[in-house]
Amino acid sequence: MRLTRYFLPVLKENPAEAQIVSHRYMLRAGMIKQQAAGIYSWLPLGYRVLKRIEQIVHEEQARAGHIPLLMPTLQPADLWRESGRYDDYGQEMLRIKDRQDREMLYGPTNEEMITDIFRAHVTSYKDLPLTLYHIQWKFRDEMRPRFGVMRGREFLMKDGYNFDVDKASALHAYNRHMVSYLRTYERMGLTAIPMRADSGPIGGDDTHEFLVLASTGESEVFFDSAVTDLKLGNREVDYDNRDEVAAICREFTTLYARTDETHDPAVFDQIPEARRKVARGIEVGQIFYFGTKYSEAMGAMVTTADGGKVPVEMGSHGIGVSRLLGAIIEASHDDKGIIWPEGVTPFPVGIVNLKQGDAAADAACEGLYKALAAKGLEALYDDRDERAGAKFATMDLIGLPWRITVGPRGLANGIVEVTSRRTGVSEEMTPDAAVARIAQIYADV
RNA sequence: CGGAGCGUAGCGCAGUCUGGUAGCGCACCUGCUUCGGGAGCAGGGGGUCGGAGGUUCGAAUCCUCUCGCUCCGACCA
């Protein structure tokens, strides 16, 4: 993408309403525009990151064997009357009437609807296990939206629902989600710690929240610092192997890590003092096992091998997709702007032409741009007629992890600079070597 | 929903107390000079002062109502 043809409305000054760093930078980098309290338009740069995050979620769900579909944002009220939640949900549910005076609602989550789909088409244990998910906009009419996309009223969420014939299978689905989520967050450059939590209005027995540590987090968390060293990495996981998946879950949940809802000081105090940490965290996902709560209320039954009928065992599992942008920025920025992890960056690399209009510099930049494209890497080429300082400031603000700097001075010696946004370290090399270097960095992202 | 604030140009703000030609910085447009970390000079465009009603010779400014937004708190992916 050539910057002169893009839409990137960056702001030099801090918008007054933005209190936390991720909100400030998202506004300043031209990623979002507020349209109402807690409701945002996603401008091109923000939209690109959102799509990157969605793609990672889809890939990891596929790896775990979960099936994507898409349910609507508007739902009929009657479905929610069946589960009893139409009355329970309260003011947070946005209720709407259509022209026939039918009661509708803007979905805050989808347990009822997915159960409705399931019961209409699945009647036998032979069709299980089944896990369906979608990535769709949700609406919760928060009392106080704040912090930009971190607590919006309209937000994009991945929500998945597992259907299993018995509790052991449902718990395997729970574990499978935990492992797939660990990998999902790691690919986004995040350390998200699964913490035993409280189930809240969804109900159920087992639940973990995934917390990203950040001083601006809304939850107080208590943990053994050793948990932050745990990494799933690139290990091969057989998601159908119950023991293997369960073992990974034990690895990540044995050390103490809890939110204030489940915190137990007596247990916490047994951790060696140097590793005892109290911090704040941003909740970026949650997994629940809730058994037959919805299947019983809504009549989602399957026939078992011995001819009986049982309500299906369920759980639900969510990732706050739009919130993740805020969480990633909170976890990865400096005083100049955002620092995107390679996994989610809107563009893999930026090209800065220090002297637009200089024949050699223009030609070198065009050459780099095309060579990168040929390797499947879409650079953001700053081809504006701006001074070097302005271009650097823009690149630093929008946070592309790598920058290639091209100027007449270097080109006279046949070299360009490759600079890491994270470390600030620059290396001089030929344009060909720069392309190879960037390609190698992204080879296994 | 309780408490506290704020709505003046695309953004950040002054002007409101004490009514009298609507301003500043950034951004934008034109020209010249400049050009490896948000350039300089000169010129220029842009605002029914959130909205409605009222008081007044005269309202951004005073009064009433209303809409929107932000912050603190209780709730939440």
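- Rounded to whole Å, atom P of B:A74 lies 10 Å from atom CZ of A:Arg144.
- None of A:His208, A:His177, A:His66 except one satisfies the ring pair (Phe, Tyr, Trp, His ring centres under 6.0 Å) rule with A:His317; the exception is A:His177.
- Rounded to a whole angstrom, the distance from the C1' atom of B:C26 to that of B:U21 is 26 Å.
- With both pairing distances under 3.5 Å, B:C13 is matched to B:G23 as a Watson-Crick or G-U wobble pair.
- Comparing B:U56 with B:G10, their P atoms are spaced 34 Å from each other, to the whole Å.
- Under the rule for a salt bridge (charged side-chain N to carboxylate O under 4.0 Å, His left out), A:Glu209 has no partner lying at least two apart in sequence or in another chain.
- The gap from the P atom of B:C24 to that of B:C62 amounts to 23 Å, rounded to the nearest Å.
- The salt bridge (charged side-chain N to carboxylate O under 4.0 Å, His left out) search around A:Asp98 returns A:Arg102, not counting sequence neighbours.
- The separation of B:G5 from B:C63, taken at their P atoms, amounts to 15 Å, rounded to a whole angstrom.
- In this structure, B:U34 makes no Watson-Crick or G-U wobble pair, since no nucleotide meets both defining distances under 3.5 angstrom.
- Proximity of A:Leu132 to A:Tyr161: side-chain heavy atoms (C-beta onward) are nowhere separated by under 4.5 Å.
- Nucleic acid contact for A:Gly152: base, since at least one base atom lies under 4.0 Å from a heavy atom of the residue.
- Taking atom CE of A:Met143 as the reference point, atom P of B:C1 lies 10 Å away to the nearest angstrom.
- Rounding to whole angstrom units, CD of residue A:Glu17 and C1' of B:G68 are separated by 13 Å.
- For A:Arg146 and B:C6, the CZ to P distance is 21 Å, given to the nearest whole Å.
- At least one donor-acceptor pair under 3.5 Å links the side chain of A:Arg48 to the backbone N or O of A:Pro346.
- Checked for salt-bridge contact, A:Glu60 and A:Arg63 meet the test: a charged N lies under 4.0 Å from a carboxylate O.
- A gap of 35 Å separates the C1' atoms of B:C72 and B:G54, to the nearest Å.
- For residues 357-368 of chain A, every residue pair satisfying the side-chain hydrogen bond (donor to acceptor under 3.5 Å, both in side chains) rule, not counting sequence neighbours, is listed here: A:Arg2-A:Glu366, A:Asn353-A:Asp362.
- B:C57 and B:C67 have their P atoms separated by 32 Å, with the value rounded to a whole Å.
- Protein atom CD of A:Glu142 is 16 Å distant from nucleotide atom C1' of B:C71, rounded to whole Å.
- Taking a pair to require two hydrogen-bonding distances under 3.5 Å in either a Watson-Crick or a G-U wobble arrangement, B:A59 remains unpaired.
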Give every donor-acceptor pair under 3.5 Å between a side-chain atom in residues 29-38 of chain A and any protein atom, sequence neighbours left out.
from    : atom 1 : to      : atom 2 : distance (Å)
A:Gln34 : NE2    : A:Ala36 : O      : 3.2
A:Gln35 : OE1    : A:Ser41 : OG     : 2.6

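- Nucleotide B:U48 forms no Watson-Crick or G-U wobble pair with any nucleotide shown, as no partner meets the under 3.5 Å limit on both distances.
- A gap of 14 Å separates the P atoms of B:G25 and B:G44, to the nearest Å.
- Annotation: B:C17 and B:A74 have their P atoms spaced 38 Å apart (nearest Å).
- Between A:Glu13 atom CD and B:A14 atom C1' the separation is 14 Å, expressed in whole Å.
- When rounded to the nearest whole Å, the span between CD of A:Glu209 and P of B:C75 equals 14 Å.
- Taking the salt bridge (charged side-chain N to carboxylate O under 4.0 Å, His left out) definition, one finds that A:Lys138 meets it with A:Asp159, sequence neighbours left out.
- If you check every strand for non-hydrogen atoms under 4.0 Å, A:Asp159 touches nothing.
- In terms of phosphate contacts, A:Gln34 brings a side-chain nitrogen or oxygen within less than 4.0 Å of OP1 or OP2 of B:U70.
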For nucleotides 27-39 of chain B, 5' to 3', base contacts (B), sugar-phosphate-only contacts (S) and non-contacts (-) with protein non-hydrogen atoms under 4.0 Å give S------BSBBBB
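- Along RNA chain B, the nucleotide nearest to A:Pro15 and the one nearest to A:Gly38 differ in position, and the one closer to the 5' end is contacted by A:Pro15.
- A:Gln19 comes within 4.0 angstrom of the backbone, heavy atoms only, and of no base.
- Base-pair partner of B:G73: B:C1 (Watson-Crick or G-U wobble, both distances under 3.5 Å).
- Across the strands present, B:C6 finds its partner in B:G68; the criterion is a Watson-Crick or G-U wobble pair with both atom distances under 3.5 angstrom.
- Atom pair A:Glu261:CD and B:C75:C1' shows a separation of 11 Å (rounding to whole Å applied).
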